[in-house]
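Step one of this worksheet: look at the structure below.
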Protein chains: 2
Amino acid sequence: MSLIFSRQCEYALQAVLYLALKPLDDMTSIKELTKRLDIPYHFLAKILQDLTRKGLLSSLKGPTGGFGLGMPAKDITLFHIVEAIDGVEFMHNCVMGFPECSGKNPCAVHEKWANLRDGVYTMLVSKNIAEMAKNMRKPEYQSV
Amino acid sequence: MSLIFSRQCEYALQAVLYLALKPLDDMTSIKELTKRLDIPYHFLAKILQDLTRKGLLSSLKGPTGGFGLGMPAKDITLFHIVEAIDGVEFMHNCVMGFPECSGKNPCAVHEKWANLRDGVYTMLVSKNIAEMAKNMRKPEYQSV
DNA sequence: CTATATTAAGACTAAAATATCTGAATATTA
DNA sequence: TAATATTCAGATATTTTAGTCTTAATATAG
Ligand code: FES
Ligand code: FES
């Protein structure tokens, strides 16, 4: 199977975009998130804790507690999330798996891949998550 | 960790490109391939057997045996290899992991991803593996 | 203060991907 | 025919990723 981002990372992207639709200090429980997004409860819990440790989210215990953005949505891009979960190695790895990726010793598709990779980067940083979230037409995100 | 193709698939791409540099009926042993490409012996064996069953390669037992292309290099693209190993789901999956990927209910990056995905497809089919192999400047492939 | 709802943390389990091992089948060569 | 070099097939092992469970900590509301 091929995939770009790990499952964890996909869940993180989905969850943070959901939080981006809410006011900064509004806390959202894991329960609400898993219900909306159909993500395993405890798995999502770990991911969110991870993002909290890394400062992207903030959390609060107790009733009325939950998770919220750790900084204004306008300062967060999808790239921050990918970076926090999967890391950025994909930005400098050879798509064919060769140990080196550079124009010096290019593999058969290096030029094209380098372009596409830049495109992925642009895709992840071109808008902040507030704008991103608004661009979605996913039922999971309606009437938050 | 993020990656596009599975490790298996990466190995397959590397190995088939190596075979593409040889005459059609010239058999190459796993030993030679693993030595050149630094791929675990038995793992590569399984991958090549898989590709053989699927017709992309041919094999011959015994001394002077080994693996070769199953059809002329000009008829094979990288996409055929990816298709055989990883499958083509990545061509219609949402990059953020949502259950549906379509313009009807687009995720935040659907348009951009759809373009990039087409770019990946083009990258994989734009040349046959004979041309691809010649474009490589990897030391692993010199003086075959 | 107490009961409750929540996150935090870490151990644990399950599944998938990656890698290794072993013996059989087969073709070549001497 | 015998020895050898190879692929073939399937079992096993290891590592990584995904997912679950349990207990503790903490904040709120009554
Ligand atoms: S060398 Fe292969 S993508 Fe750069
Ligand atoms: S819906 Fe996400 S990439 Fe198409």
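For clarity, every value in this text was computed on a predicted model and none was experimentally measured. Proteins come first, then strands; the chains are lettered A, B, ... in the order of their sequence lines, and each starts at number 1.
Atom pair A:Glu89:CD and D:dT16:P shows a separation of 14 Å (rounding to whole Å applied). Rounded to an integer number of Å, the gap from CZ of A:Phe43 to P of C:dA9 is 17 Å. Rounded to whole Å, the distance from CG on A:Leu19 to P on C:dT7 is 11 Å. What separates CG of B:Leu44 from C1' of C:dC21 is a distance of 16 Å, to the nearest Å. The interatomic distance linking B:Gln8 (CD) with C:dA16 (P) rounds to 15 Å, in whole Å. Rounded to whole Å, atom C1' of D:dA24 lies 13 Å from atom NE2 of A:His42. Following rounding to the nearest Å, B:Leu51 (CG) and D:dT7 (P) show an atom-to-atom distance of 14 Å. One can place CD1 of B:Ile47 at 14 Å from P of D:dT7, the figure rounded to the nearest angstrom.
The side chain of A:Arg7 has D:dG19 as its nearest neighbour among D:dG19, D:dT4, D:dT20. Distance from the side chain of B:Ser59 is smallest for D:dC8 among the nucleotides D:dT20, D:dC8, D:dA27. The listed nucleotides are D:dC8, C:dA5, C:dA8; the one nearest the side chain of A:Phe67 is C:dA8.
For C:dA9, the OP1/OP2 oxygens have a side-chain nitrogen or oxygen of A:Arg53 closer than 4.0 Å. Look at A:Thr52 and you won't find any side-chain N or O under 4.0 angstrom from OP1 or OP2 of C:dT7. Side-chain N/O atoms of A:Tyr11 include one lying less than 4.0 angstrom from OP1 or OP2 on D:dG19. In this structure, B:Ser29 does not reach the D:dT7 phosphate: none of its side-chain N or O atoms is under 4.0 Å from OP1 or OP2. Close to D:dT6, at under 4.0 Å from its OP1 or OP2, lies a side-chain N or O of B:Lys31.
B:Leu56 has its side chain out of reach of B:Val16: every pair of non-hydrogen atoms, C-beta onward, lies at least 4.5 Å apart. Looking only at side-chain heavy atoms (C-beta outward), B:Ser58 and B:Thr52 stay at 4.5 Å or farther from each other. With a 4.5 Å cut-off on side-chain heavy atoms, B:Ser29 and B:Phe67 do not count as touching.
The aromatic rings of B:Tyr141 and A:Phe98 stand perpendicular to each other, their planes meeting at an angle above 60°, with 30° marking the opposite boundary. Below 30°, between 30° and 60°, or above 60°: for B:Phe79 and B:Phe90 the angle between ring planes is between 30° and 60°, a tilted geometry.
Note that the CG atom of B:Leu44 and the CD1 atom of B:Ile47 stand 5.5 Å from one another [nearest 0.5 Å].
Within 4.0 Å of B:Tyr41, counting heavy atoms only, lies at least one base atom of the nucleic acid. Across all strands shown, A:Ile30 has heavy atoms under 4.0 Å from sugar-phosphate atoms exclusively, and none from any base. Within 4.0 Å of B:Leu48, counting heavy atoms only, lies no atom of the nucleic acid at all.
Take the nearest nucleotide of DNA chain C for A:Lys46 and for A:Gln49: the residue whose nucleotide is more 5' is A:Gln49. Across the interface with DNA chain D, nearest-nucleotide mapping of B:Lys61 and A:Pro40 shows B:Lys61 to be the residue nearer the 5′ end.
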